[in-house]
**Q** 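Here it is: the structure, laid out below.
Convention: sequence-line order gives letters A, B, ...; per-chain numbering from 1. Quantities reported herein were computed from a predicted structural model and do not represent experimental measurements.
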Amino acid sequence: MLKYLLGAAAAVALSVAPAAAQQKLKVGFIYVGPVGDFGWSYQHDQGRIAIEKALGAQVETSYIENVPEADSARSIEQLARTGHKLIFTTSFGYMEPTLAVAKKYPDVKFEHATGFKRDKNVATYSAKFHEGRYIIGQIAGKMTKSNTIGYVGAFPIPEVVAGINAFFLGAKSVNPNVKIKIVWANTWFDPGKEGDAAKALLDQGADVITQHTDSPAPLQQAAARGKFAFGQASDMSKFAPNNILTSIIDNWSPYYIERTKAVLEGKWASQDSFEGLAKGEVKMGPYVNMPPEVKAMAEATEKAIASGALNPFKCPIVNQDGKEVECKDALTDAQVTSMNFYVQGIDDKLPK
Amino acid sequence: MIELLPLILATVITAATPLVIAALGEHVVERSGVLNLGVEGMMIMGASLGFAGAVVLDNSYLGLAIGALAGMVMAGIFALFALGLATNQVATGLAITIFGLGLAGLIGQPFVGQPRPPIPALVFGLDPIVCLSFVLMVGTAWLLNRTRAGLILRGVGESHGSAHALGLPVLKVRLLAVLFGGLCAGLAGAYLSLIYTRFWSPGMTAGRGWIALALVVFAAGSVWRLVAGAYLFGAILIAQLHAQAGAIGIPSQFLSMLPYLMTIVALVVLSMAGRRGAGAAGSLGQPFVPDR
C-alpha cells in the first residue's frame, strides 16, 4: 500500500514538474566569442543577465559561447530543440543559419543581431553606434593639440564606415582644422596588431586615438604615451583610468527585456529595430580626463541626439567627390546601414 | 619620416620578439627530428597562466617565469604521447593546440579585463625579454653549431636509427629539445600578455604560433635566417600600418597580406636557389621506437 502511495505521489510529481516548467519561458543566446571577451559578447551576456533580473521566475535563460559562424546551425537548432521559445543569435554571420533553423521551428521566435534578412518568426536588431561616435568625435576635436586624430578600424564594412563619418563630422563641427588618419587592422580581435596600429598612428603625430576593434590594446598604447583614447563596446576605464575620455557602451538590456516581455504577453512580431541613445541601446561611459567645458559640450550633444534635436547625419552630407548625397532632413537608416563612402574632408581612400 | 625611424624600429622589435622566441624553440625541436604543431597551444597557455600568475603574485617577472613553465608543461604532455607512446606527431601537436586554446580560456576566465603595470625597459628602451631574445639567438646558434651537444641533437634529428646504433639517447635528447621548445613558446606567450599588450584575453595569440612554425620552415636550418625572417615579417607588418596611416592610397587589404606574401616569395626564392635541400632534419616527424 505504502509502495503504491509513493508511486502515485511520484507520478503526480512527475506530471506536475513539466507543467510548472512549461510556464517558464526559455530564452537562448548564441555568442560568437567568449562571454569573457570584455567587449561584444560580454555586453550581449549582460543583456541576458538583465532579462533574468527583470523577469525573474517567468524566464529561464541559457547561452552557448564561442560558436563559429560557419558551423552555427547545429548550436541554434540545439537551443530550439531543447524548448527555447526565444533565441537571440548575436553575430552577423549567423544570418543564414538562423533563417534555416527558423523555417524548421515555426513556433520558436528568433532575433538576429546586425542582419538584414527577416522572416515571420525572425526579427533583426542593431544599434546606432554612430550616434556615440559623433559625440566622441566632438570630444576628440576639442582635445587634440596636433589636430591629428588616429582611427583604428576593423574592416571597411558599412557599420565601421558610418562610424568613421559620424566621428569625423563630430570632430569637424567643433574644430575645422582637424585631420583624421585611418588604419585598418583587418581583424576584429588581435590585441598585438591593434596595439601596433595605434602605435603607428601615434608615431605619425596623432594625439587622440579611437578604435573600432574589440580589444583595449589601442587605448592602452595611447595611455603608454600619455595620449588620450576611447573605450569600445564596454566601459574600458580600468585599462587606462587616466587616459580614457569616455566609452561607447553597447547596451542590449532594454531591447532584450522588451522582446522577452513581448513573447510572454503574446505580442511578439517580426520587425527590424535600429535604436540608439534615445532608447538607451547605446550608452556613453563617464566623461573623464577632460576640461569641464568639453564635458558639458559632450553631455549637451548626448542629450540633443537622444531627444532627436540633433542627427549626426543631418543634411547636407557631402562625399569626397564634393557631391551632395541624396538626403531629406537626414540620411535614412537604410542609407546609414549601407554606407560605403567617406564624407568630404577625410584625406584617405576607402578600401573597397 | 627620418625622425620616425627609431620609433618604428622599436615597434618592429617588440612585434617580432614573440615570433623570434617561439620560433627559436621550435627550431631546436625540429632539429632534433620532432615536429610539434602545438606551438600556438603552448603559447596561449603561457599567455594565460603567465598573466594569471603575475596578477595573483603581483609580480610580472614571476609571471613571465610561470608562463614559460606552463608552456613547458604543455610540451611535457606532447612528449608523453609523441615520444613516450610514439603517437603521430602531427595529430598530437594539433591536439595540444586545440587543448591549449580551450584550457587557457578556462584558466584565464577570472583574469579577463584586469590591468597590469608595465615592465620597465632594461637598456636603450628595450624590455628585458627583448634583451633575453638576443642572448637566446646567439646561444641557440652557438649550441647547435659549435658544441658537441648540438652535434648530438642534430645527429638524432638527421637519422635516429644511426644515432641509436651509436648509443646516443635519442628519446632523452628529443625530450629535452621538446621541453626547451615549450619553455620558449610559453615565454613568448607570457611576453604577449605581460609586455606586448598588457592584458589577458582569450585567443590573444591570434595565430602567432603558426607564424612561428612557418618561420622555422623559412629558416631552412639556419638560426640567423630564422631571426632575419622574423624581423622581416615584423618590419613589413609595421611598415604596412604606417603606410596606411600615411594614406598612400594602396588598398589596406593588400597591405595586410603583404607580410604573408613576402614570406611566400622568400620561400620560393630560397627553394629556387636550391641550397642544401629543404633544410629539414632527416627524420623530422617520424616517431622513434627504440627496439625497432
**Q** With a 4.5 angstrom heavy-atom cut-off, is it the side chain or the backbone of A:Gln221 that approaches chain B, or both, or neither?
**A**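 Contact with chain B is through the side chain of A:Gln221 alone.
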
**Q** Nearest 0.5 Å, please: how far is CD1 in B:Ile238 from NZ in A:Lys193?
**A**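 Nearest 0.5 Å value for the NZ-CD1 distance: 9.5 Å.
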
**Q** Would you name the heavy atoms of B:Leu237 and A:Asp196 that are closest together and state the gap between them?
**A**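 Between these two residues, the closest heavy atoms are CD2-OD2, 4.4 Å.
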
**Q** Within a radius of less than 6.0 Å around NZ of A:Lys172, do more than 12 heavy atoms belonging to other residues, nucleotides or ligands occur?
**A**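 Enclosed: over 12 neighbouring heavy atoms sit under 6.0 Å from NZ of A:Lys172.
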
**Q** Looking at B:Ala245 and A:Leu201, what are the two nearest heavy atoms and their distance?
**A**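 In this case the closest contact between B:Ala245 and A:Leu201 is CB-CD2, 3.7 Å.
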
**Q** State, yes or no, whether a side-chain contact exists between A:Lys199 and B:Thr14 at a heavy-atom distance under 4.5 Å.
**A**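 Side chain of A:Lys199 against side chain of B:Thr14, heavy atoms only: contact under 4.5 Å found.
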
**Q** Report yes if some heavy atom in the side chain of A:Asp190 is under 4.5 Å from a heavy atom in the side chain of B:Arg208; otherwise report no.
**A**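 Answer yes - side chains close enough.
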
**Q** If every non-hydrogen atom of B:Leu241 is compared with every non-hydrogen atom of A:Ala200, which pair is closest and at what distance?
**A**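 The answer is CB-CB, 3.9 Å.
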
**Q** Heavy-atom distance under 4.5 Å between the side chains of A:Ile182 and B:Gln244, does that happen here?
**A**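 Counting from C-beta outward, A:Ile182 and B:Gln244 never come under 4.5 Å.
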
**Q** Does any part of the side chain of B:Tyr196, heavy atoms only, come nearer than 4.5 Å to the side chain of A:Pro191, both counted from C-beta?
**A**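 In short, these two side chains do not touch, never coming nearer than 4.5 Å.
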
**Q** Just wondering, are more than 12 heavy atoms of other shown residues or ligands nearer than 6.0 Å to NZ in A:Lys227?
**A**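 At most 12 heavy atoms, drawn from other residues, nucleotides or ligands, come within 6.0 Å of this atom.
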
**Q** Which region of B:Leu7, side chain (C-beta onward) or backbone (N, CA, C, O), has a non-hydrogen atom less than 4.5 Å from a non-hydrogen atom of chain A, or is it both or neither?
**A**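 It is both, since atoms from each part get that close.
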
**Q** Looking at every non-hydrogen atom in both residues, tell me the closest pair between A:Ala217 and B:Phe199 and how far apart they are.
**A**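 Heavy atoms only, the tightest pair is N-CE2, 3.5 Å.
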
**Q** If you draw a 6.0 Å radius around NZ in A:Lys323, do more than 12 non-hydrogen atoms from other residues or ligands fall strictly inside?
**A**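 Counting neighbours around NZ of A:Lys323, 12 or fewer heavy atoms of other residues, nucleotides or ligands fall under 6.0 Å, so no.
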
**Q** Taking every non-hydrogen pair under 4.5 Å, which of B:Gln109, B:Arg198, B:Gln240, B:Gln114 racks up the most with chain A?
**A**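 Looking at each option in turn, the highest pair count goes to B:Arg198.
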
